[in-house]
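Heads up, the thing below is written out as C-alpha cells.
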Amino acid sequence: WRQVYRETGDNFLKAKLSAIAKNKTIWKFVLSTNLNQSVRLASREMDVLITGAVLGAAATGIYKIARQFAWVLVHLIEPISQVIYPELAHLAAEKRFSDMKHVITRTAVITGSASLLIWLGSIVFGKWILSIAAGAEYVQAYNVMIIFMFALVMWGFSSYLSVGLLALGRAGKVLLVEITAFVVFLPSLYLLLTTIGLFGAAVAQVIYFAVYSL
C-alpha cells in the first residue's frame, strides 16, 4: 500500500480500481490463473482417487505415503515461484526480457539442482527414512516414492517457465499447458495402473511433468 502511494499519490483502493480500468485484459488473466489452479488441484488429487478405484485402499495407502514423502520437493519449489513472480512481472513491465531470462535460468538451475540432490539422497536413505517415519511395512513405498520424486525434479527445473509466462501476461498459455498435461495424464494413469500396478501411478506422474515441461 505504501509503495502504491509513493508511485501514484493515490490510496490503495483508488489505485487498484484505476489499474483495473486501464488494463482491460486483467479479468481474462484472473480467470485463466484461477482455472489454471483448478486444473492443477484436480491433477494433484485425481491420482489418489483413480488409484483407489483401480487398486483398492491398501495400495492407495502405500501410494499416499510415497507421495507425501516425495511432496517435500513441492514445498521447496512453490514458495520460490511465488517469491520470484513479482520480480519477473517488474522486469516484464520494463521489457527487460534478457534479465527475465537470466532470473528464470538461474532460479531453475538452483532449485532444480537442489531437487536433484534431495532425490539422490532419497535413493540412498529413502528406505531408512520410510522405516523410521512411517514404519517397516511402508518400505515397499520406496520405489514409487523415488519415481514420483524424479517427476518433481523435472518440475523443479521447468516450473519457472510458467511463472515467466504469467509475468508476460500469457496466463492463457499456462492454462493450455496445464490442460494438455492433464489430458495426457489421466488415460496414462489408468492404463499404467491396470498394466503394471502401483508403480504405474508414479510413472504416470513422470509422463505428466515431462509433457508439462516440454
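Note that these values count all heavy atoms, side chains included, but never hydrogens, waters or copies made by symmetry.
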Side-chain donor-acceptor pairs of residues 65-74 under 3.5 Å, sequence neighbours excluded:
unit_1 : atom_1 : unit_2 : atom_2 : d
Arg67  : NH1    : Arg44  : O      : 2.2
Arg67  : NH1    : Asp47  : OD1    : 3.1
Arg67  : NH1    : Asp47  : OD2    : 3.4

Exercise for the section: Return yes if some donor-acceptor pair links the side-chain N/O of Trp119 with the main-chain N/O of Val153 below 3.5 Å, else return no. Expected result: no
Handout entry: Test side-chain hydrogen bond (donor to acceptor under 3.5 Å, both in side chains) applied to Arg106 - qualifying residues, sequence neighbours left out
Key = none
Handout entry: Residue from Lys95, Lys101, Arg96 passing salt bridge (Lys or Arg N to Asp or Glu O under 4.0 Å) with Asp99
Key = Arg96
Practice task
Answer yes or no: are there more than 12 heavy-atom neighbours, outside Phe125 itself, under 6.0 Å from its atom CZ?
Solution key: no
Problem - Minimum heavy-atom distance between Leu198 and Val144, given as atom pair plus value - result: CG-CG2, 4.0 Å
Handout entry: side chain to side chain contact (heavy atoms under 4.5 Å, CB included) between Lys173 and Val177, intermediate numbers included
Key = CA-CA 6 Å; Lys173 271 194 187 304; Val177 169; 5.6 Å; no
Problem - Closest non-hydrogen atom pair between Ile104 and Gly164, with its separation - result: CD1-CA, 3.8 Å
Exercise for the section: Return yes if some donor-acceptor pair links the side-chain N/O of Thr195 with the main-chain N/O of Leu192 below 3.5 Å, else return no. Expected result: yes
Practice task
Please name the pair of heavy atoms, one in Leu76 and one in Ala114, separated by the smallest distance, quoted to 0.1 Å.
Solution key: CD2-CB, 4.1 Å
Exercise for the section: Please report the shortest heavy-atom distance between Val203 and Ile147, naming the atom on each side. Expected result: N-CG2, 3.9 Å
Problem - Phe157 atom CZ: more than 12 heavy-atom contacts under 6.0 Å - result: yes
Practice task
Grab the two heavy atoms, one from Ser188 and one from Ala204, that are nearest each other, plus how far apart they are.
Solution key: C-CB, 4.3 Å
Practice task
Report the C-alpha distance between Gln205 and Phe150 in whole Å, list the side-chain angles of each, state the deciding distance to 0.1 Å, and finish with yes or no for side chain to side chain contact (heavy atoms under 4.5 Å, CB included).
Solution key: CA-CA 9 Å; Gln205 293 289 346; Phe150 176 73; over 6 Å; no
Problem - Expected output: side-chain Ser158 to main-chain Ser213 donor-acceptor under 3.5 Å - result: no
Exercise for the section: Check whether the side chains of Thr111 and Tyr160 place a donor and an acceptor atom closer than 3.5 Å, and report yes or no. Expected result: yes
Fill in the blank from the handout: Tightest non-hydrogen contact, residues Ala201 and Tyr63, listed as CB-CE1, 3.5 Å
Practice task
Report yes or no: do Phe199 and Phe209 belong to one cluster of Ile/Leu/Val/Met/Phe/Trp/Tyr joined by side chain heavy-atom distances under 4.5 Å?
Solution key: yes
Exercise for the section: Please answer whether the main-chain N or O of Ser159 pairs with a side-chain N or O of Ser162 as donor and acceptor at a distance below 3.5 Å. Expected result: yes
